[in-house]
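See below for the structure under consideration.
All heavy atoms count here, side chains included; hydrogens, waters and symmetry mates do not. By convention in this document, chain letters (A, B, ...) are assigned in the order of the sequence lines, proteins followed by strands, and residues within each chain are numbered from 1.
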Amino acid sequence: MTTIRLTNSTTRKKEDFVPIDPGNVRMYVCGPTVYDRAHLGNARPVIVFDVLYRLLRHVYGPDHVTYVRNFTDVDDKINAEALRRQKAGASGTLEDLIHERTEETIAWYHADMDALGALRPSAEPRATEYIGQMVAMTAALIARGNAYEANGHVLFRVRSYAEYGRLSGRSVDDMIAGARVEVAPFKEDPMDFVLWKPSSGEEPGWPSPWGRGRPGWHIECSAMAQELLGESFDIHGGGLDLQFPHHENEIAQSACAHPHGDFAHYWLHNEMLQVEGKKMSKSLGNFFTVRDLLDRGVDGEVIRLVFLRTNYRRPMDWTEEAKREAIGHLITWNRLKRHHLSDDERLFTGAGADPAVVAALADDLNTHDALKIIYELASKVEVSGALEKDSSLALRLFESLALLGLSRLDPHHQARRIAIAKGFALAVELPKLQSKMEALRTSAQESKDFTAVDALKTALIAAGVEVRMSKAGVELVPGPDFDPAKLEALQ
RNA sequence: GGCGGGUUGGCGGAGAGGUUACGCAGCGGAUUGCAAAUCCGUGAAGACCGGUUCGAUUCCGGUACCCGCCUCCA
């Protein structure tokens, strides 16, 4: 069996991955707070841990991996949006409006992440469905002396957990020395964090031994991981920005509430995303969502491929250049697929992936190296010629791509969908133009007068259509800037 | 201020103490009505200063610069 090696944030070393139970490998990843569309940075952990999920399924079997990713649907940003809608005249209670907002956001999230080729996790628990477990865990922490009630809040007593700071390599004393935050006066210690806080009438709340209130942010992951994966499980993932304080606090809560468990054995953190070399932020004006890209005709697999070029532990840069290169590769693979497979609709599962690709992924998710092997494989398929359809080499190539979550291999798919949505009957009109082009070209090749052909070609290109001519014929592919209106004159 | 990470050829971006990374772009050639695609070939690197070593881009130390987190932003 393939040995997977992963860089464990706890030890800062690459370690052999040994699951607690190979029959049920368990992974928890921090999911989104559902208050708005996912931005491009949100997509990184989704893609990174989707690759890991696929690898684990490949190695241990699809039925032997449990992947939990939560939805945080208790949050002040959600409350603020619901309150804004209510004040704007929306009907329903605040709870209704909050529910409406989170349901809407979750649907968006699913649509956007599906477009990126990410598999749905085994379970996607919502924080609001586990309030009871959070209350129980909070009560247990109080009973054990790890938490205390103060001023309507319940706070975790950081000093009661000696290991606090181990994951993120910080010492409590250093942090206090360098702290720049105002400390709530009712805290015993500046580092103590909230497990439960009171809710006002304008905020969602649940009954608890400490009055009507809502959970702090960190407790939800501890409670849901415990409920769905047990006191000890294999992998916990998330963005590097969550390492402190979120993951540190999760560990403290879980370790103290379940002293016999050891929570997550391997902690994985993905580095952050940048855009053209800069942090993505609203103030820099380079902030955009996954949906923004999709709406501009950038296919989900293009986005995915750009992400896979960079190791998950390195900062990743989204650039126009990277996007262009990714499109180029997908075009190549798409051509190979059409030339080397007997059936375009054939479904690949990744089961027959090249062992070298599996080995690259098993080496701490080296997607970049996996792609290198795929480039070489593609080159071999290219040279081998198209005579033999479904050759083992070609099948291995597409199985390998499928393992990386790349299976449609059509960078224009999204643009085409948009074109269709714009009302252009693509299926009818483009083939018509294609036949016309072919006819013109055939006669031009005899007469040696190519002016008509070139005129049509120029017009097509101006309308955002890619024109590919080969001995086999003419192919018209609408690109991202495809504008059907410009084609009307040509018919 | 505290903690962590990074610095590789024109650009992106890996692995390995000694042997071609790879991709994109470039250049030369083949093919092509033109173009695209494809094929063959090709140049180019390891921030700086020391140390360990027969040998370092790869290990150790220092310097400079960059970045992230410390603020319920993935």
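G9(B) sits 14 Å from A47(B) when the C1' atoms are compared, rounded to a whole Å. A gap of 33 Å separates the C1' atoms of G6(B) and C27(B), to the nearest Å. Using atom P as the reference point in both G4(B) and C60(B), the two lie 15 Å apart (nearest Å). For the C1' atoms, the distance from U71(B) to A56(B) is 43 Å, rounded to whole Å.
Partner assigned to U71(B) is none, using Watson-Crick or G-U wobble distances below 3.5 angstrom.
Within the structure, a side-chain polar atom (N or O) of Arg314(A) is placed less than 4.0 Å from OP1 or OP2 of U7(B). Taking 4.0 angstrom as the limit, Lys457(A) places none of its side-chain polar atoms (N or O) nearer than this to OP1 or OP2 of A36(B).
Of all nucleotides listed (C67(B), G23(B), G33(B)), G33(B) comes nearest to the side chain of Arg441(A). For His368(A), the side-chain atoms get nearest to G13(B) when compared with the rest of C34(B), G13(B), C67(B). Among the nucleotides C69(B), C24(B), U38(B), the one closest to the side chain of Glu325(A) is C24(B). Comparing G13(B), G4(B), U38(B) against the side chain of Thr310(A) picks out G13(B) as the nearest. Distances were taken from every side-chain heavy atom of Asp454(A) (C-beta onward) to each of C39(B), C34(B), C73(B); the shortest belongs to C34(B). In the set A74(B), G12(B), C70(B), the nucleotide with an atom closest to the side chain of Phe244(A) is C70(B). Of the candidate nucleotides G15(B), A74(B), C67(B), G15(B) has the atom nearest to the side chain of Asn366(A). Taking every side-chain heavy atom of Phe450(A) into account, G33(B) is the closest of G33(B), C70(B), C39(B). Listed nucleotides: A74(B), C24(B), C39(B). Nearest to the side chain of Glu321(A): C24(B). Proximity note for Asn311(A) (side chain, C-beta onward) versus G23(B), A14(B), A74(B): the nearest is A14(B).
Counting any heavy atom pair closer than 4.0 Å across all strands shown, Arg44(A) reaches no nucleic acid atom. Note on Arg335(A): only backbone sugar-phosphate atoms sit closer than 4.0 angstrom, heavy atoms only; bases stay farther off.
Using a distance-only test at 3.5 Å, with no hydrogens or angles considered, no donor-acceptor pair links the side chain of Gln243(A) to the main chain of Ser168(A). Put simply, the side chain of Asp354(A) never gets that close to the backbone of Ser400(A): no donor and acceptor are under 3.5 Å apart. One N or O on the side chain of Arg44(A) and one on the backbone of Glu271(A) form a donor-acceptor pair closer than 3.5 Å. Glu301(A) places a side-chain N or O within donor-acceptor distance of the main-chain N or O of Arg408(A), the cut-off being under 3.5 Å.
Aromatic rings of His110(A) and Phe71(A) (six-membered ring for Trp) have centroids within the 6.0 Å cut-off, being under it.
Across the interface with RNA chain B, nearest-nucleotide mapping of Lys14(A) and Met272(A) shows Lys14(A) to be the residue nearer the 5′ end.
Atom NE2 in His247(A) sits roughly 12 Å away from atom C1' in C72(B) (whole-Å rounding). When the P atom of U38(B) is taken as reference, atom CD of Glu382(A) falls 6 Å away, rounded to whole Å.
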